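Note sheet for the following structure.
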Amino acid sequence: MSDLYQRHCTRLFDFSDIEIKKIINLSADLKKLKSEKKEIPYLKNKKIVLIFEKESTRTRCAFEVAAFDQFANVTYLGPGSTHLGYKESLRDTVEILSSLYDGIQYRGGKHENIMILSKYSKVPIWNGLTDQFHPTQLLSDILTMQELLKKKCLSRRKIVYIGDATNNIANTLLEASVLTNLNMTVIAPKKYWPEKKLLRSCQLKGKEKNIKIECTDSISEGIKNADFIYTDVWISMGEPKETWEDKIKSLLPYQVNKKLLELSNNKNVEILHCLPAMHDKNTTMGKILLKKLGLQNGLEITKEVFHHYRKTIFKQAENRIHAIKALMISTLLKENAYKN
Ligand code: CP
Ligand code: NVA
């Protein structure tokens, strides 16, 4: 039996498909226990530090609520509030923090940073988002898809990722598809396809498991018979402003809207979005971008489609708590401490 004790989670490929299944099953068990008010505080007195070099709503709150539910103690270090990387190296910082805390969550820019942290940390490091990967989001999305399918199997379903497929969500979804045996089609203009090395390695691993991972710029071809359609913002955190307008213009035809849903030819198709979503003018960024580009109805997803599927999308957000809790428990404790 593989044990997840003291393991890092920098990306989903840090784990095998069996280990991912274990985390997802534990997430579902923990969700049930919480809903029945029978939570068991496995993490009582554990100390967790959350380092955020970028903004967050869901990830920070999910880590905090998961820790509170489990009677663990949390320190939040927000952007610019420590010496990290400016006056003190990543290595020195993580060596200190890992002698004080039992686990460390890191959200930051470059993925290389989390690799340095995980190299020198004496305790588990959890990736709360880097420019390349967002594993705790996809753990929650796997749980959500399984719930949506009820008792039916996730394996061999088709997921479409449409939009900016160079980003952290698309990369992590590629890994999630391989690990859960999902067929995946990326629909995007060629210049926004995933980086070749990762794509190729996922395609090869997928082939061994008889699943297909492909990219196309043809919406009508790629979308056919999708069970799930996943999209994310077209402008990720930290992208330089000068690139926004051209990028949005290229991605406009790849919007999730009513027409796209019709083309899927599946009236039960489900829409996923990791959030935040740019679906209306009720944000500063939304107002500026929609006005500048003369658009009326959302960027990556239209208002109507977003609201029609908001129950599913918000379920993904709520499931962050259960998936993160499962990840913390399974990496901070030996399996016999939480399995009976
Ligand atoms: N989906 C997600 O990670 O949301 P936050 O940026 O709010 O944490
Ligand atoms: N791709 C987005 C994900 C936000 C959760 C970003 O990096 O900003």
Side-chain angles (χ1 to χ4, degrees), residues 9-12 27 48 50-67 74 76-79 105-114 126-145 161-176 186 188 192-195 198 230-241 243-244 247-248 251 254-256 271-279 282-286 289 298-301 306 309-310 312-325 327-328:
C9 174
T10 63
R11 59 194 288 181
L12 289 184
S27 314
I48 285 149
L50 309 176
I51 307 171
F52 279 85
E53 296 191 308
K54 283 179 171 174
E55 55 272 36
S56 166
T57 302
R58 277 145 293 271
T59 309
R60 173 189 176 176
C61 297
F63 265 98
E64 291 204 3
V65 173
V74 185
Y76 169 73
L77 299 176
Q105 184 278 169
Y106 175 75
R107 168 173 286 199
K110 294 209 177 327
H111 191 72
E112 294 91 79
N113 290 353
I114 202 166
W126 307 298
N127 179 354
L129 180 145
T130 61
D131 58 350
Q132 287 182 37
F133 295 106
H134 194 6
T136 65
Q137 176 67 50
L138 265 294
L139 287 175
S140 155
D141 300 335
I142 297 169
L143 176 65
T144 307
M145 287 189 274
Y161 179 91
I162 185 160
D164 174 16
T166 59
N167 75 15
N168 40 21
I169 293 290
N171 288 345
T172 317
L173 184 56
L174 282 169
E175 298 195 346
V186 167
Y192 294 112
W193 284 6
E195 184 253 321
L198 176 70
Y230 201 133
T231 192
D232 181 17
V233 284
W234 289 341
I235 309 294
S236 285
M237 287 180 271
E239 285 192 53
K241 276 207 170 95
T243 61
W244 293 6
K247 190 171 181 192
I248 293 172
L251 289 169
Y254 297 84
Q255 184 186 56
V256 175
I271 305 294
L272 300 170
H273 194 308
C274 59
L275 298 175
M278 302 286 287
H279 57 86
N282 297 328
T283 61
T284 308
M285 194 167 163
L289 287 176
L299 289 179
E300 76 277 4
I301 186 165
F306 182 83
Y309 288 93
R310 65 185 290 134
T312 305
I313 294 169
F314 287 8
K315 190 195 259 284
Q316 287 173 265
E318 193 235 299
N319 279 339
R320 299 293 304 283
I321 296 172
H322 314 297
I324 284 171
K325 197 183 282 176
L327 178 66
M328 290 198 291

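This is a predicted model, so every value here is computed, not measured. Indexing begins at 1, ligand by ligand and atom by atom, following the structure's order.
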Note to self: For F52 versus Y76, what's the shortest heavy-atom pair and its separation?
What the structure shows: CD1-CE1, 3.3 Å
Notebook entry, point to check: Mind checking what residues have non-hydrogen atoms under 4.0 angstrom from ligand 1?
Noted result: S56, T57, R58, T59, R107, H134, Q137, C274, L275, R320
Check: Should you measure from each heavy atom of D232, which atoms of ligand 2 turn up under 4.0 Å away?
Finding: 1 (N), 2 (C), 3 (C)
Margin query: Angle between ring planes, F306 versus H279, binned at 30° and 60°: parallel, tilted or perpendicular?
Written below: parallel
Next item on the list: Consider every N or O of S236 and every N or O of ligand 2, then say whether any pair is closer than 3.5 Å.
Entry: yes
Margin query: Restricting to ring-ring contact (aromatic ring centres under 6.0 Å, His included), what partner residues turn up for Y309, sequence neighbours left out?
Written below: none
Check: If you measure from atom 5 (C) of ligand 2 to every heavy atom of L275, V233, I169, which option wins on shortest distance?
Finding: L275
Next item on the list: Starting from atom 4 (C) of ligand 2, locate the nearest protein heavy atom and write down its residue, its atom name and how far away it is, to 0.1 Å.
Entry: L129 CD1, 3.9 Å
Next item on the list: Please list, chain by chain and in numerical order, all residues satisfying side chain to side chain contact (heavy atoms under 4.5 Å, CB included) with K315, sequence neighbours excluded.
Entry: T144, E147, L148, N319
Next item on the list: Indicate the atoms forming the closest heavy-atom contact of A188 with Y192, along with that distance.
Entry: CB-O, 3.8 Å
Check: How far is atom 7 (O) of ligand 2 from its nearest protein heavy atom, and which residue and atom is that?
Finding: N168 ND2, 2.8 Å
Notebook entry, point to check: Between R107 and G128, which heavy-atom pair has the shortest distance, and what is it?
Noted result: NE-O, 2.9 Å
Checklist line | Residues that D131 engages under side chain to side chain contact (heavy atoms under 4.5 Å, CB included), provided they are two or more places apart | finding: K110, H111
Check: Taking the side chain as C-beta and beyond, is there a heavy-atom pair between H273 and E300 under 4.5 Å?
Finding: yes
Check: Got the closest protein heavy atom to atom 8 (O) of ligand 2, with its distance?
Finding: M237 N, 2.8 Å
